[in-house]
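Structure record follows, encoded as structure tokens.
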Amino acid sequence: MTRGRRTRPRPTSSRRTEPHPAPAYLPRAGNLPWEVRRLCRVNVTENADLAALTTFRLGGPARRLVTAQTDDEVVAAVREADGRGEPVLLVGGGSNLVIADEGFPGTAVRIATRGAALEGTRLELAAGERWSEAVEQTVAAGLAGVECLAGIPGSAGATPIQNVGAYGQEVSSTITEVVVYDRQAGETVTLAATECGFAYRTSRFKQDPARYVVLRVRFELEDAGGLSAPLKYAETARALGVEPGDRVPLAEARSTVLALRRGKGMVLDPEDHDTWSAGSFFTNPVLSPAEHAAFLDRVRERLGPDAVPPAYPAEADGTKTSAAWLIDKAGFTKGYGTGAARISTKHTLALTNRGEASTADLLALAREVRDGVHRAFGVTLVNEPVLVGVTL
């Protein structure tokens with residue numbers, strides 16, 4: 001990570017327009033609809049393989065793939081496709097995409113921008129930066145706030161979209177600003193964290209996916225003298241031999257989380273099919289008081305009067321329960337399945353490609369699990385990955 005100085009002043013208002021030159025377009029060249037390779041050095045591929053760009057390794061080709069290495073190139077590619085009225089698919093690290101076997105009938109824009117600047121406790125990441133590397137570098141710099149998000153695959157630009165979280169941390173607790181291209185307004189703007197609509201595994205960007213393109217993410221981290229943020233997740237605290245709320249050396253927090261994730265097949269390994277997944281396929285359900293009471297009745301009816309499902313406080317007097325627990329207790333245990341798509345042998349929340357699966361195979365398994373959980377407990381699981389050209 002390089003230390004740099006900001007090229008723009010800090011904002012005086014929560015939303016502002018970022019300077020962004022309007023791209024100029026040259027006449028068509030060959031069979032390409034626009035000539036941006038000479039203008040912006042953008043790599044354009046026709047009938048491009050998308051499966052290789054996803055951690056599931058599934059999906060058909062895109063009609064066109066543009067690999068953009070600067071913010072200007074990203075904006076130019078999206079503007080051009082929007083101007084032609086064709087669909088746009090944004091691809092970062094590919095760790096949260098389920099793409100139809102038929103592929104994508106438009107322009108896929110691969111966001112390959114790089115750059116990280118650290119000024120004191122302020123961190124700015126280009127959307128294409130690898131998230132796991134960024135976490136490693138913040139730990140090396142002695143800054144706390146994202147150390148328990150170690151090992152999560154994908155790009156920095158995806159983190160605010162999903163409000164990525166794990167082991168007691170969410171990026172929304174450290175994000176201060178997100179620089180986006182607003183496709184509706186046709187301009188690049190900066191949104192304060194309060195404008196991003198962050199909630200459990202969602203955001204303004206996820207709720208309105210056709211409007212915003214994340215270009216940069218800014219964070220405010222903590223200098224706690226080389227210690228982590230207070231640990232919020234009981235499993236992490238137990239593994240470290242401390243109590244929830246305690247702080248530990250940053251490197252120990254990161255290495256412990258990585259070990260926990262590896263044990264669940266949640267750290268990418270090309271030789272391990274348990275990691276050919278999108279991580280957690282379903283989000284943990286958040287139940288209203290009435291829904292939770294009905295759920296408890298179903299649990300006792302199915303598992304006996306002493307059964308106690310996991311329960312955690314959530315927003316608006318809700319109760320969050322464990323999707324992994326629900327899947328397991330509904331009869332879908334580790335390794336479940338006989339086809340090319342199966343539940344991970346290490347964690348029930350991960351659906352995996354065993355090497356020869358199709359997207360149709362994966363979705364058939366996902367529907368079986370979702371419907372089985374609903375029959376057993378009356379709770380409907382919601383997929384976490386983005387579905388492209390398919391529905392669950």
Side-chain angles (χ1 to χ4, degrees), residues 14-15 54-55 88-99 111 125 127 131 145-146 148-149 152-184 189-219 232-233 266 277-288 291-292 310-324 326 349-351 366 370 373 379-388 390-392:
S14 60
R15 177 189 174 99
T54 73
T55 53
V88 175
L89 172 64
L90 302 174
V91 181
S95 62
N96 208 46
L97 289 178
V98 177
I99 299 171
I111 300 177
L125 297 175
W131 176 251
V146 295
C148 291
L149 304 179
I152 293 177
S155 62
T159 61
I161 298 172
Q162 291 290 120
N163 186 17
V164 164
Y167 295 97
Q169 289 183 342
E170 289 183 330
V171 292
S172 58
S173 66
T174 54
I175 288 176
T176 58
E177 295 178 334
V178 182
V179 180
V180 298
Y181 172 57
D182 184 338
R183 296 164 67 183
Q184 179 176 304
V189 298
T190 296
L191 300 177
T194 53
E195 297 176 285
C196 294
F198 289 128
Y200 173 63
R201 299 300 175 270
T202 193
S203 68
R204 177 180 186 174
F205 317 116
K206 186 173 181 179
Q207 296 301 316
D208 196 358
R211 180 167 179 178
Y212 298 104
V213 181
V214 175
L215 300 174
R216 298 190 165 265
V217 189
R218 294 170 181 156
F219 302 82
K232 296 181 180 179
Y233 202 68
M266 297 292 186
S277 75
S280 299
F281 194 88
F282 297 104
T283 58
N284 290 323
V286 177
L287 307 176
S288 69
E291 291 170 336
H292 188 237
Y312 312 95
E315 303 89 350
D317 297 323
T319 300
K320 184 191 301 182
T321 192
S322 166
L326 288 168
L349 201 47
L351 309 187
R370 179 199 60 188
V373 167
V379 175
T380 300
L381 295 179
V382 176
N383 54 284
E384 185 168 339
V386 175
L387 307 182
V388 180
V390 293
T391 58
L392 189 59

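Each residue takes its place number in the sequence, starting with 1.
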Kindly assign one of parallel, tilted or perpendicular to the pair Y167 and Y233, based on the angle between their ring planes and the thresholds 30° and 60°. perpendicular
Quick one: does S277's side chain have a donor or acceptor within less than 3.5 Å of a partner on G279's backbone? yes
Would the number of heavy atoms belonging to other residues, nucleotides or ligands and lying under 6.0 Å from NZ of K232 be above 12? no
What distance do N284 atom CG and L381 atom CG have between them, rounded to the nearest 0.5 Å? 9.0 Å
For the CZ atom of R204 and the CG atom of N163, what is their distance to the nearest 0.5 Å? 15.0 Å
What's the spacing between F198 CZ and Q162 CD if we round to 0.5 Å? 11.5 Å
Using the rule given for side-chain contact (heavy atoms from CB on, under 4.5 Å), can you reason through I161 versus Y212, listing the C-alpha separation, both sets of side-chain angles and the distance that settles it, and then say yes or no? CA-CA 10 Å; I161 298 172; Y212 298 104; over 6 Å; no
Please round to the nearest 0.5 Å and tell me the distance separating atom CD of Q169 and atom CD1 of I152. 9.5 Å
Using 0.5 Å steps for rounding, measure from the OG1 atom of T283 to the OH atom of Y200. 5.0 Å
Please name the pair of heavy atoms, one in L349 and one in A324, separated by the smallest distance, quoted to 0.1 Å. CD1-N, 4.0 Å
From T159 OG1 over to L149 CG, what is the distance, rounded to the nearest 0.5 angstrom? 8.5 Å
Worked verdict on E291 versus S288 for side-chain hydrogen bond (donor to acceptor under 3.5 Å, both in side chains): CA-CA 5 Å; E291 291 170 336; S288 69; 3.3 Å; yes
Indicate yes or no for a side-chain donor-acceptor contact from T202 to the backbone of A199 under 3.5 Å, with no hydrogens or angles considered. no
Please find the pair of heavy atoms, one from A156 and one from V217, that lie closest to each other, and give the distance. O-CG2, 3.8 Å
